[in-house]
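The block underneath contains the structure these notes are about, expressed in structure tokens.
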Amino acid sequence: MSVQATIGEVTDRIRQRSRDSRARYLDRIRAAGEAGPRRSVLSCGNLAHGFAACGLTDKDRLSGDVVPNLAIVTAYNDMLSAHQPYERFPELIRAAAREAGAVAQVAAGVPAMCDGVTQGQAGMELSLFSRDVIAMSAAVGLSHQMFDAAVFLGICDKIVPGLVIAALSFGHLPCVFIPAGPMPSGLPNDEKAQTRQLYAQGKIGRAELLEAESKSYHSPGTCTFYGTANSNQMLMEIMGLHLPGASFVNPNTPLRDALTREAAQRALALTALGNAYTPVGEVIDERAIVNGVVGLHATGGSTNHTLHLVAMARAAGIHLTWDDISDLSAAVPLLARIYPNGLADVNHFQAAGGMGLLIRELLSAGLLHEDVRTVNGTGLDGYTVEACLAEDGTVLREPAPAESGDPKVLTSAAQPFQENGGLTVLSGSLGRAVIKVSAVRPDRRVIEAPARIFASQDDLLAAFKAGELTGDVVAVVRFQGPKACGMPELHKLTPALGVLQDQGLKVALVTDGRMSGASGKVPAAIHVTPEAVDGGPIARLCDGDIIRVDAEAGRLEVLVDPDTFAARPVATAELAGNTVGVGRDLFAAFRAAASPADEGAHVFGPNFGKI
């Protein structure tokens with residue numbers, strides 16, 4: 001199946017750009033794969049330690065290399081609603097492995113941070129770096145070389161990207177990602193957003209706000225708005241790392257459990273001990289990366305993936321750039337309206353036809369590479385289905401619905417909500433940035449207004465509460481980049497900026513921090529690079545400078561004489577308070593080592609993805 005011209009062109013240039021690094025990566029993982037299972041070369045002492053806690057049957061099975069051993073890498077904790085269901089998964093997986101005559105062991109537990117809990121708090125400064133800690137933690141578990149394949153249990157924001165990076169580091173192993181599913185729908189997201197704005201205006205109190213938040217986030221499962229967590233699940237399916245139809249089935253249901261058992265047995269079927277060996281490093285190639293970006297645009301997904309997809313691709317020796325992401329956005333129509341890009345939540349998206357219908361529509365329009373490897377053993381055409389529960393308790397798959405069950409939530413490629421994905425790269429005299437406009441009204445996509453400079457989101461909120469923001473404004477929140485303080489999300493600003501916009505003011509945000517998948521109706525130029533702490537142009541801005549944020553033309557400009565602007569001193573900020581407390585002192589090396597945002601803001605060093 002041929003792909004649309006832009007899709008093919010971007011894929012080809014990624015392939016050419018990555019030719020040498022990708023070849024080195026494939027040589028490395030193929031050599032590891034050809035060496036076969038490693039248990040036979042472990043010493044008796046090594047092996048005895050490796051299965052000391054197993055039952056006698058599992059010990060017998062693991063004493064040689066005839067029976068596959070499945071690594072379980074879990075991000076379970078019971079504070080995260082999305083991850084609480086994983087408490088039951090290891091036993092389900094072990095039982096499924098035993099049914100297949102194999103063994104499964106928990107190889108690693110990785111940290112799992114809830115951005116919802118840390119939003120606007122000091123702990124958010126550890127959030128982005130937790131991705132790289134997760135990758136390292138998973139690598140520690142897999143480094144025992146006891147395993148023939150792995151399943152990864154992770155859902156939320158930095159967790160899935162970190163697990164993907166780890167999986168690709170061990171790219172000779174087959175890997176299947178197992179989701180836990182979204183919580184059932186609670187308080188509608190637009191009502192929650194309105195309540196937050198009323199609280200920001202002082203019209204309701206904390207009790208009313210907490211009641212609304214509790215009705216929104218009310219049970220085990222992923223938050224139902226389309227932020228980074230649910231964008232992760234979309235990516236894992238469209239990139240071929242989930243089994244078809246697995247992403248958005250609610251937790252603690254018979255179908256969810258059946259999908260989990262199936263995923264474990266499928267991972268075992270993909271090992272080098274069988275006839276369907278499928279190493280994850282071969283699944284994730286340039287086509288799979290492009291498919292992920294296409295899915296991101298078609299669904300109005302999280303801006304965080306302009307960081308994560310770049311880093312994930314690098315782990316496979318593939319060099320994805322912001323320009324690639326932007327060019328694909330111009331070619332991919334928006335087919336889903338999920339909050340904040342619409343009123344529906346992810347359960348409504350699933351009911352309307354979900355991933356099966358979405359993938360079929362994108363394939364029919366030539367917007368996806370069908371000829372990819374997947375953990376399903378098919379190309380992407382095998383994903384144009386929905387998962388159901390058969391009478392015997394196994395998974396049954398049926399073709400996705402012929403038409404959307406709700407065209408206001410999920411539409412066809414022939415009648416898109418808009419002609420492009422709405423995620424654009426901005427360039428200009430202030431550097432480079434990312435902006436997501438799928439939820440921004442067309443008349444608000446070009447903002448030209450005086451700057452008001454802040455060194456933190458708390459400073460901006462204090463000015464808002466003091467009634468100082470009374471005119472058109474481009475709020476600049478700088479010294480929020482990865483090297484400055486770990487690049488926290490600034491989602492806490494959304495209600496206040498939304499209030500100003502609703503008052504009829506022209507409002508935009510410019511920051512070297514993040515705004516997450518919850519970026520909404522206020523235009524926000526985020527991930528500005530070079531960041532302020534590196535002396536980027538954002539550090540030369542002064543109050544009153546006229547800034548133009550132009551999402552239509554892809555420009556981010558300060559309208560000041562260039563020579564005058566260049567001659568200004570670079571501002572500095574007092575960041576000592578960002579270096580201690582809630583573990584921040586332990587991350588000093590991460591802040592010092594962080595790469596720029598457009599390279600993924602990772603801490604793996606300059607040779608990451610090159611060797």
Side-chain angles (χ1 to χ4, degrees), residues 303 322 424-436 444-464 466 468-490 492-494 496-497 500-501 505-515 519 522-575 577-578 594 596-598 601:
T303 55
W322 280 4
T424 303
V425 173
L426 306 178
S427 300
S429 54
L430 286 179
R432 286 163 60 80
V434 170
I435 190 168
K436 175 182 171 182
R444 293 173 176 164
R445 295 179 182 179
V446 179
I447 300 293
E448 187 175 302
R452 179 71 187 270
I453 313 299
F454 302 97
S456 73
Q457 60 183 330
D458 290 334
D459 289 348
L460 191 160
L461 291 174
F464 171 78
E468 297 175 9
L469 303 176
T470 58
D472 296 346
V473 64
V474 174
V476 178
V477 185
R478 62 192 182 189
F479 296 100
Q480 304 299 303
K483 287 188 176 180
C485 60
M487 207 179 190
E489 287 184 359
L490 308 178
K492 186 177 178 181
L493 299 177
T494 300
L497 295 174
L500 296 176
Q501 184 172 263
L505 302 180
K506 294 180 179 178
V507 181
L509 174 70
V510 173
T511 180
D512 47 10
R514 296 183 291 125
M515 277 294 280
S519 302
V522 176
I526 59 176
H527 307 174
V528 172
T529 187
E531 63 175 290
V533 81
D534 270 346
I538 193 174
R540 289 188 164 86
L541 288 171
C542 297
D543 284 340
D545 286 345
I546 302 300
I547 294 178
R548 183 175 177 85
V549 179
D550 187 343
E552 301 288 351
R555 303 299 296 170
L556 179 62
E557 307 280 5
V558 55
L559 305 185
V560 175
D561 175 74
D563 293 335
T564 301
F565 188 74
R568 286 182 183 174
V570 174
T572 58
E574 177 50 63
L575 297 172
N578 300 91
D598 58 354

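The structure displayed is predicted, hence computed values, not measured ones. Side chains included, hydrogens not; waters and symmetry mates left out as well; all remaining heavy atoms used. Along the sequence shown, residues are numbered consecutively beginning with 1.
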[Y] and [X], any side-chain heavy atoms less than 4.5 Å apart:
X: L541; Y: F565; result: yes
X: L493; Y: L460; result: yes
X: D545; Y: R568; result: yes
X: V510; Y: L556; result: yes

Between R514 and Q480, is a side-chain contact (heavy atoms from CB on, under 4.5 Å) present by the stated rule, with each step listed? CA-CA 8 Å; R514 296 183 291 125; Q480 304 299 303; over 6 Å; no

Kindly compute the distance separating CZ (F464) from OG1 (T470), expressed to the nearest 0.5 Å. 12.0 Å

Atom CZ of R432 and atom CG of L426: how far apart are they, to the nearest 0.5 Å?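 Output value for this atom pair is 9.5 Å.
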
Could you go step by step and tell me if R445 and D550 meet the salt bridge (Lys or Arg N to Asp or Glu O under 4.0 Å) rule? CA-CA 6 Å; R445 295 179 182 179; D550 187 343; over 6 Å; no

Closest approach of R444 and P523, non-hydrogen atoms and distance?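 That closest heavy-atom pairing would be O-CG, 3.3 Å.
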
At their closest point, which heavy atom of V473 faces which heavy atom of A449, and how far apart are they?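 Smallest interatomic distance, heavy atoms only, reads N-CB, 3.8 Å.
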
For I547 and V476: C-alpha separation, side-chain torsions, deciding distance, then whether side-chain contact (heavy atoms from CB on, under 4.5 Å) applies. CA-CA 10 Å; I547 294 178; V476 178; 3.7 Å; yes

For R452 and L469: C-alpha separation, side-chain torsions, deciding distance, then whether side-chain contact (heavy atoms from CB on, under 4.5 Å) applies. CA-CA 9 Å; R452 179 71 187 270; L469 303 176; 3.7 Å; yes

Test: D458 and K492 ion pair at under 4.0 Å: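 The answer is yes: the pair qualifies as a salt bridge.
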
Please check: side-chain N/O of D543 versus main-chain N/O of I453, any donor-acceptor pairing under 3.5 Å? yes

Say whether, by atom type as modelled, one donor and one acceptor occur between the side chain of S427 and the main chain of R555 under 3.5 angstrom.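 No, the answer is negative, given that no donor and acceptor are paired below the 3.5 Å cut-off.
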
Please list, one pair per line, the donor and acceptor atoms closer than 3.5 Å that link side chains of residues 526-534 to other protein atoms, with sequence neighbours excluded.
unit_1	atom_1	unit_2	atom_2	d
H527	ND1	T306	OG1	3.1
E531	OE1	K483	N	3.4
E531	OE1	A484	N	3.2
E531	OE2	K483	N	3.0

Side chains of S429 and E557: donor-acceptor distance under 3.5 Å anywhere?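 Looking only at side-chain atoms, E557 and S429 do form a donor-acceptor pair, the distance falling under 3.5 Å.
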
Take E448 and L559 through the side-chain contact (heavy atoms from CB on, under 4.5 Å) test and state the conclusion after the steps. CA-CA 9 Å; E448 187 175 302; L559 305 185; 3.6 Å; yes

